[in-house]
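Here's the structure, in structure tokens; my notes come after.
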Amino acid sequence: MKRKHLRILLVVLMILNLAFIWGNSAMVGEQSSAMSGGVMELLHKLLPFLPEGETVQAVIRKLAHFSEFAMLGLLSSGLAVLELERIPAGLLGVGLAVACIDETIQLYVPGRASSLLDVWIDASGFAAGLIVLLIGYNLFKNKRVWRKTQ
């Protein structure tokens, strides 16, 4: 894939990821609960041993926060590596800013609440995605260098 096409793909995927994140935050409380309930039903069909209850649902919701931001961290750090051949330290601030915006949206949506814990979960997910890409990039880069020296 050409560099230009990869750049466009990464930007489009980032926009879609942000739309998904902020779209979920803009859902009123009833819609969000209904969606969570649907996800729980699906998970119980796929994993019948999964216990039921509010605690399990809360954990699943927090994992969803973490994973959607991990994807954003992967995509944005991938774009940074493509453009700059490095990941700037300020990229973590971008992840934190997106997490803050996400929780701020929920302040203005009926039936929703903002949570500082969710900001930290989101930012941690973003950092995890960034770290995964950084490790993968360094392994790939070192493997390429290693092949050239032999």
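Just so you know, residue 1 is the first one in the sequence shown, and it goes up from there.
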> Should M40 and M35 be regarded as members of a common hydrophobic cluster, given that ILVMFWY residues are connected when their side-chain heavy atoms come within less than 4.5 Å of each other, either directly or indirectly?
Replying inline: no

> About how many Å separate CG of L72 and OG of S67, when rounded to the nearest 0.5 Å?
Replying inline: 11.5 Å

>> Under a 3.5 Å distance rule, please check whether D122 uses its side chain to pair with a backbone N or O of F69 as donor and acceptor.
In response: no

> Is the backbone of S115 close enough, under 3.5 Å, to the side chain of E103 for a donor and an acceptor to pair up by distance?
Replying inline: yes

> What pair of heavy atoms forms the shortest contact from S77 to G129, and how long is it?
Replying inline: OG-O, 4.2 Å

> Just how far is it from atom NE2 of H65 to atom CG of D118, taken to the nearest 0.5 Å?
Replying inline: 4.0 Å

> When rounded to the nearest 0.5 angstrom, what is the spacing between CG in L130 and CD1 in I135?
Replying inline: 10.0 Å

> Between the main-chain N or O of V28 and the side-chain N or O of S32, is there a donor-acceptor pair closer than 3.5 Å?
Replying inline: no

> With a 4.5 Å heavy-atom cut-off, do V98 and W22 have their side chains touching?
Replying inline: yes

> Within the distance-only criterion (no hydrogens, no angle test), does the side chain of H44 pair as donor or acceptor with the backbone N or O of P51 below 3.5 angstrom?
Replying inline: yes

> Going from CG on L75 to CD1 on I15, what distance comes out if it is rounded to the nearest 0.5 angstrom?
Replying inline: 11.0 Å

> Do the side chains of I121 and L117 get nearer than 4.5 Å, heavy atoms only?
Replying inline: yes

> Atom CG of L6 and atom CD of E83: how far apart are they, to the nearest 0.5 Å?
Replying inline: 9.5 Å

>> Within the 3.5 Å criterion, strictly below it, is a donor on S25 or Q106 matched to an acceptor on the partner's side chain?
In response: yes

> Quick one: are L79 and R7 in side-chain contact, heavy atoms under 4.5 Å?
Replying inline: yes

> Does N24 reach the main-chain N or O of F20 with its side chain, forming a donor-acceptor pair under 3.5 Å?
Replying inline: yes

> For L134, does its backbone N or O pair with a side-chain atom of N138 as donor and acceptor, under 3.5 Å?
Replying inline: yes

> Can you name the nearest heavy-atom pair linking L107 to S114, along with the distance?
Replying inline: CD2-CB, 3.4 Å

>> Testing the basics here: between L92 and F126, what is the closest heavy-atom pair and its distance to 0.1 Å?
In response: CA-CE2, 4.3 Å

> Are L42 and V56 connected, step by step, through hydrophobic side chains (Ile, Leu, Val, Met, Phe, Trp, Tyr) whose heavy atoms are closer than 4.5 Å?
Replying inline: yes

> Backbone N or O of E30 within a donor-acceptor pair of the S33 side chain at under 3.5 Å?
Replying inline: no

> Are V119 and I101 connected, step by step, through hydrophobic side chains (Ile, Leu, Val, Met, Phe, Trp, Tyr) whose heavy atoms are closer than 4.5 Å?
Replying inline: no

> Taking atom CG of L91 and atom CZ of R86, what is their separation to the nearest 0.5 Å?
Replying inline: 10.5 Å

> Side-chain heavy atoms under 4.5 angstrom apart, residues restricted to Ile, Leu, Val, Met, Phe, Trp, Tyr: same cluster for V94 and L84?
Replying inline: no

>> Check for me, please, whether V59 and L50 land in the same ILVMFWY cluster - side-chain distances under 4.5 Å, paths through other members count.
In response: no

> Between A80 and I87, what is the shortest heavy-atom contact and its length?
Replying inline: CB-CA, 4.5 Å

>> Restricting to non-hydrogen atoms, name the atom on A128 and the atom on F66 that form the minimum distance, rounded to 0.1 Å.
In response: CB-CZ, 3.6 Å

> Taking all atoms of both residues into account, what is the closest heavy-atom pair of M27 and V109, and its distance?
Replying inline: O-CG1, 3.2 Å

